[in-house]
Amino acid sequence: MIKVAVFSTKPYDQEYFDRFADKGQLQFTYFDSPLNKDTANLATGFEVICVFVNDKVDRETVSQLAELGVRLIALRCAGYNNVDLDAAKEKGIRLVRVPAYSPEAVAEHALALILTLNRKTHKAYNRVREGNFSLNKLMGFNLHRKTVGVIGTGKIGATFCRIMKGMGCKVLAFDLYPSQKLIEEGIQFGSIDEVFQQADIISLHCPLNPDTKHMINRESLSKMKQGIMIINTSRGALINTPDILEGLASKKVGFLGIDVYEQEENLFFKDLSEMIIEDDLILRLISYPNVLITSHQAYFTREAMEEITHTTIDNIREYADGEKLTNEVI
Ligand code: NAI
């Protein structure tokens, strides 16, 4: 029997693990608390831990986990930018993740952000409920024939390209490795500057790494069309927040839709409705009528949760059975 400590657990995580786990082989203990250097001692007595996007698995945390006897970290997400890989390797802790789960979930959420920002359905919903049937200030634009710039055409980006092509858009993509298959399907590839210059909407689907950190900044914004719509469902730190606030203030940025935010770990997934929020940047973002923020929910569909749970359980089972780890991050 392998004991697994699950960090940052929400009721829906527990529901899915309890539903799909083979109780004879794996025993899950759920902690609401996120994992970081101050909470790592909760992993006492566990060989395997399971973490999510905002758990902070830095060098200090890894070293504490190693001392407690943790041998495997199972990420129940795709990105692993929150883990110090070198530290884990040095301490002999192995790492597995869920490399692909329903790219449609994230790509469809990016479309939801675009349509809501553009057609202002959130405002219309509230207006009509209050008996206000006026159309003033609700005017949007046709997506048909607009140029959509896609940065990163992996699993999610490729799905998003196809969705936007289906909407009648011209899709202009940038990736370090342009996809021949997408080119054959009518997706155009160009340089990153061509995407910045030509797009009416830019959607980010590349991973966060030292090369992509703050790729949306004052300089890249200066190359974009006036009134650009920027969508980020990837990782918050792809955008330099003070720079995008400047772009919003100058009206260079016409719309901003984000499902991720650089400082999200102190906010997202929590109900802070009775608290004073001490993050001035997010408060300024929220104050703009043309900014739409969702709290890292792009992945959150029934289908994606099932795939995440199945793959995470399989990843841990492979470790328990001494098999090759299919989804190991090396
Ligand atoms: P993927 O690995 O299939 O694709 C990433 C693509 O980005 C690859 O084609 C790669 O060549 C490209 N790329 C790498 N560096 C680049 C650069 N400097 N410029 C342009 N392209 C670059 O990843 P996938 O599954 O499509 O996920 C993309 C990102 O979406 C993940 O890294 C993750 O951060 C984020 N994500 C967000 C979720 C959410 O709920 N908001 C859920 C799942 C993933």
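Order of listing sets the numbers, starting from 1, for every ligand and every atom in it. Worth saying up front: this structure is predicted, and the values here are computed from it rather than measured.
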**Asked** Rounded to the nearest 0.5 Å, how far apart are CG of D32 and CZ of F269?
**Response** 14.0 Å
**Asked** Can you find a pair of side-chain heavy atoms, one from R97 and one from T311, that are under 4.5 Å apart?
**Response** no
**Request:** Could you tell me whether the side chain of I114 reaches within less than 4.5 Å of the side chain of M229, counting heavy atoms only?
**Result:** yes
**E246/R218 salt bridge by N-O under 4.0 Å criterion** = yes
**Asked** What residues come within 4.0 Å of ligand 1, counting heavy atoms only?
**Response** Y101, V106, I151, G152, T153, G154, K155, I156, F174, D175, L176, Y177, H205, C206, P207, T212, T233, S234, R235, D259, H296, A298, Y299
**Message:** Quick test of your reading: applying ring pair (Phe, Tyr, Trp, His ring centres under 6.0 Å), list the pairs with at least one residue in residues 76-128, sequence neighbours left out, ordered by first then second residue.
**Reply:** none
**Electrostatic pair R235:E262 at N-O distance under 4.0 angstrom** = no
